[in-house]
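Written out below as structure tokens is the structure these notes cover.
It should be emphasised that the depicted structure is a prediction, and the values quoted were computed from it without experimental measurement. Each chain gets a letter, A, B and so on, in the order its sequence line appears, and its residues count up from 1.
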Amino acid sequence: MANLPILQFEEKILETVERNPVVVIIGETGSGKSTQLSQMIHKRGYTKSGAIAVTQPRRVAAVSVSRRVAQELGVRLGEEVGYAIRFEDRTSEKTCIKYLTDGVLLRESLSNPELNQYSVIILDEAHERSLNTDILLGLMRRLIKKRSSNLKVLITSATLDGEKVSRFFGNCPILNVPGKLFPVEIFYSAERPKSYLESSFKTAIDIHVKEPEGDILIFMTGQDDIDKLVKKLEERVQSLEEGSCMDAIILPLHGSLPPEMQVRVFSPPPPNCRRFIVATNIAETSLTVDGVVYVIDSGYVKQRQYNPSTGMYSLDIVQISRVQADQRAGRAGRTRPGKCYRLYPSTVYHEELLDATVPEIQRSSLAGSVLYLKSLDLPDMNILKFGFLDPPSSESLEDALKQLFLIDAIDENGSITSIGRTMAELPLEPSLSRTLMEANEYGCLSQALTVAAMLSAETTLLAGRSKSMEKKRKHDPPSELPDGSGWGDHIQLLQIYEVWDQTNYDMEWCKDNNLQVRGMKFVRDVRKQLSQIMQKIAKGSLDVQTKERRKESREDYRKLRKALTVGYASQLAERMIRHNGYRTLGFKPQLVQVHPSCVLRIDDEGMLPNYVVYHELISTSRPFMRNVCAVEMPWVLPILKKLEKLNINRLSGGMVQSEEQTEGEKSSLPKKDVDAARPPDDRDSRIQAARERFLARKTKS
DNA sequence: GAGCACTGC
């Protein structure tokens with residue numbers, strides 16, 4: 001805590017906060033803003049009229065920073081200083097400095113929109129621009145008008161992009177606090193390499209042979225490249241002449257590595273040994289590796305993006321932004337002066353890279369966020385005009401509205417329904433919360449809870465699938481994991497959980513079946529949380545127990561699949577007549593295929609089910625549906641009927657609402673009339689054609 | 001017959 005740069009600015013900061021409702025604080029890494037700001041403000045007496053909330057984009061940060069602050073203030077964690085993250089609330093009535101994830105603050109604002117328990121709200125690490133932070137920024141701008149006399153908002157950011165945030169908040173003051181990084185010398189490649197894998201390899205070996213001690217951190221884009229580079233480095237290091245240079249340890253570092261492998265980067269290397277850490281952008285912000293002196297930056301990152309016009313996600317390798325490049329370079333200067341090797345020319349850095357990473361809100365499906373905002377009942381609220389720091393496209397917002405309409409969360413005028421209100425209380429994607437509600441009607445809530453929880457953890461479920469592991473598995477005796485009885489992935493996920501449940505949540509069983517222990521524990525926590533919320537909504541009268549020792553019948557699966565059809569009304573697909581390709585039944589039909597990992601059964605003629613719902617569309621080598629479940633035609637018909645009624649102008653409130661625009665909201669992108677952009681009869685004829693195909697099938701069978 | 005970066009309620 002000694003000599004943190006921010007402490008020299010204490011008076012200046014407090015004075016500015018005193019005079020202004022909103023202050024932007026630019027504090028570089030090591031400035032101490034995360035631990036010190038809350039303490040200063042507390043000491044100045046602001047906590048007499050309410051607590052201080054400090055948001056963090058990550059759970060671990062909320063926990064570790066609060067622990068540190070409690071220690072510095074000499075209090076027990078959970079008393080004056082505490083934290084709240086999902087599944088864990090370590091606060092009490094005494095708590096006056098509360099660290100929380102931004103998602104938790106959004107949940108709190110659902111039950112208490114004015115957030116009256118807080119006198120100060122600090123949005124920390126706002127430059128990371130998580131979806132939740134962006135929504136909070138918009139909410140704060142509204143809240144500060146309402147509570148101008150008794151609320152202070154501080155927004156901290158590590159980059160110099162404070163101007164924009166300041167403008168967003170009516171030109172509020174910006175304070176700069178220097179960081180405590182050592183200088184990092186930057187080297188550029190003369191030209192872009194043909195293969196950044198090859199180029200990283202050469203640069204790393206070069207450093208190893210020529211430069212003094214210090215670990216090397218290499219930024220790659222994904223697991224595949226990391227594995228390849230690790231292998232190459234190992235081979236070369238072994239072939240280097242003994243004694244010609246120091247020893248070396250090569251460590252991969254990425255998210256799907258089991259935790260025990262991840263923590264290896266935290267144990268210091270033996271003397272006279274250099275570590276090569278080959279990492280994804282997990283090492284950019286989430287994990288800080290000590291001892292790094294050299295950084296090699298490929299200039300690329302793998303990024304997931306959503307295309308609202310197709311409803312499809314893709315995972316693309318894209319150029320990083322300048323903010324990211326600087327962040328990566330900074331990783332070399334934490335303990336002493338360092339060096340950063342950028343594998344691209346300086347003209348690329350200065351002229352080609354975007355200033356900042358495209359914020360998540362412009363890369364995600366917004367159904368959940370739009371539903372959340374609708375449920376807040378903000379006055380004069382037209383979602384297309386909500387004041388976002390960087391507005392998502394109107395196409396993206398309209399896509400969200402259509403999805404919500406199809407699952408009954410909003411009515412044809414775009415107003416939230418009572419179903420929608422209940423859905424918003426559940427920490428799930430709208431499709432899954434809608435499924436839970438429908439399942440409750442059909443008496444299969446327990447099963448639906450399990451499916452929703454399993455899908456929430458989906459990516460962390462399967463252990464890192466290396467190629468060798470995959471091969472080994474094929475030669476092993478067939479896995480004892482259930483197969484979904486042919487109905488698809490949702491049913492399989494349900495069955496897997498129920499088997500695990502019957503082993504009494506045996507961790508060994510998970511390992512034996514190649515399921516990540518961490519993931520399965522998470523599923524259990526989610527399931528419990530969802531059960532509690534559903535119980536609260538229904539006042540405790542629901543059956544949420546997992547079924548013990550009882551064979552699920554065909555009828556149970558049928559009910560569940562029917563509930564899924566209602567929940568996934570905007571994620572439906574119909575098989576082509578003569579082959580196993582599918583056409584989505586959304587607004588713009590897409591030709592897609594069932595992902596090869598899916599467990600659907602084919603009929604006697606080798607055909608897949610006529611109708612399916614899917615959890616997501618992902619475009620990789622081709623467009624695929626992932627996590628697919630067979631459904632029945634009669635359940636689909638009412639949805640097609642509803643599609644006909646869809647009118648985006650009414651949904652977005654364009655005809656009924658005329659609200660004055662406030663400062664900043666003028667920046668919203670112009671609303672594009674989707675219906676007008678297309679021949680008017682196109683949609684009707686398409687739906688008509690789909691109906692005819694239905695009828696044709698009906699008569700055949 | 002494919003392959004998934006990272007977070008979070």
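For A/Gln303 and B/dT7, the CD to C1' distance is 13 Å, given to the nearest whole Å. One can place CD1 of A/Ile282 at 11 Å from P of B/dA5, the figure rounded to the nearest angstrom. Atom NZ in A/Lys528 sits roughly 15 Å away from atom P in B/dC9 (whole-Å rounding). One atom, CD of A/Gln305, and another, C1' of B/dC6, lie 13 Å apart when rounded to the nearest Å. Distance A/Leu106 CG to B/dC9 P: 11 Å, rounded to the nearest Å. Taking atom CD of residue A/Glu429 and atom P of nucleotide B/dC9, one finds them 15 Å apart after rounding to whole Å. The CD-P distance, from A/Gln327 to B/dA5, rounds to 20 Å in whole Å. Atom CZ of A/Arg518 is separated from atom P of B/dT7 by 9 Å (rounded to the nearest Å).
Contacts between residues 131-139 of chain A and DNA chain B, defined by a heavy-atom separation below 4.0 Å, involve no residue at all.
Between A/Ser619 and A/Gln262, the residue anchored nearer the 5' end of DNA chain B, judged by the nucleotide with its closest heavy atom, is A/Ser619. Residue whose closest nucleotide on DNA chain B sits further toward the 5' end, between A/Leu315 and A/Leu426: A/Leu315.
At least one donor-acceptor pair closer than 3.5 Å links the side chain of A/Thr417 to the backbone N or O of A/Asp408.
By the salt bridge (charged side-chain N to carboxylate O under 4.0 Å, His left out) test, A/Arg328 pairs with A/Glu284, A/Asp297, sequence neighbours left out. Applying the ring pair (Phe, Tyr, Trp, His ring centres under 6.0 Å) test to A/Tyr349 and every residue at least two apart in sequence or in another chain returns nothing. A/Asp316 pairs by the salt bridge (charged side-chain N to carboxylate O under 4.0 Å, His left out) definition with nothing, not counting sequence neighbours. Not counting sequence neighbours, the partners of A/Lys33 by the salt bridge (charged side-chain N to carboxylate O under 4.0 Å, His left out) test are A/Asp124, A/Glu125. Partners of A/Thr422 by side chain to side chain donor-acceptor pair (under 3.5 Å), not counting sequence neighbours: none found.
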From CA spacing to verdict: salt bridge (charged side-chain N to carboxylate O under 4.0 Å, His left out), A/Arg342, A/Asp326: CA-CA 10 Å; A/Arg342 291 182 172 152; A/Asp326 294 343; 3.4 Å; yes
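Checking B/dA5, B/dA2, B/dC9 against every side-chain atom of A/Arg622, the shortest atom distance belongs to B/dA2. Which of B/dC6, B/dG1, B/dC9 sits closest to the side chain of A/Pro596 comes down to B/dG1. The listed nucleotides are B/dA2, B/dC6, B/dG8; the one nearest the side chain of A/His595 is B/dA2. For A/Arg304, the listed nucleotide lying nearest its side chain is B/dA5; candidates were B/dA2, B/dA5, B/dC9.
Listed pair A/Arg58 / B/dG8 fails the phosphate criterion, with no side-chain N or O lying under 4.0 Å from OP1 or OP2. Put simply, A/Arg129 has no side-chain N or O that comes within less than 4.0 Å of OP1 or OP2 on B/dT7. Taking side-chain N and O atoms only, A/Ser597 has no distance below 4.0 Å to OP1 or OP2 of B/dG1. A/Thr280 has a side-chain polar atom (N or O) that falls below the 4.0 Å cut-off from OP1 or OP2 of B/dC6.
Within 4.0 Å of A/Val104, counting heavy atoms only, lie sugar-phosphate atoms of the nucleic acid but no base atom. At a threshold of 4.0 angstrom between heavy atoms, the contacts of A/Ser621 are confined to the sugar-phosphate backbone, with no base atom among them. Looking at heavy-atom distances under 4.0 Å, A/Tyr372 makes no contact with the nucleic acid at all.
Two residues are said to be in side-chain contact when any heavy atoms from C-beta on lie closer than 4.5 Å; A/Asn627 and A/Glu616 fail this criterion.
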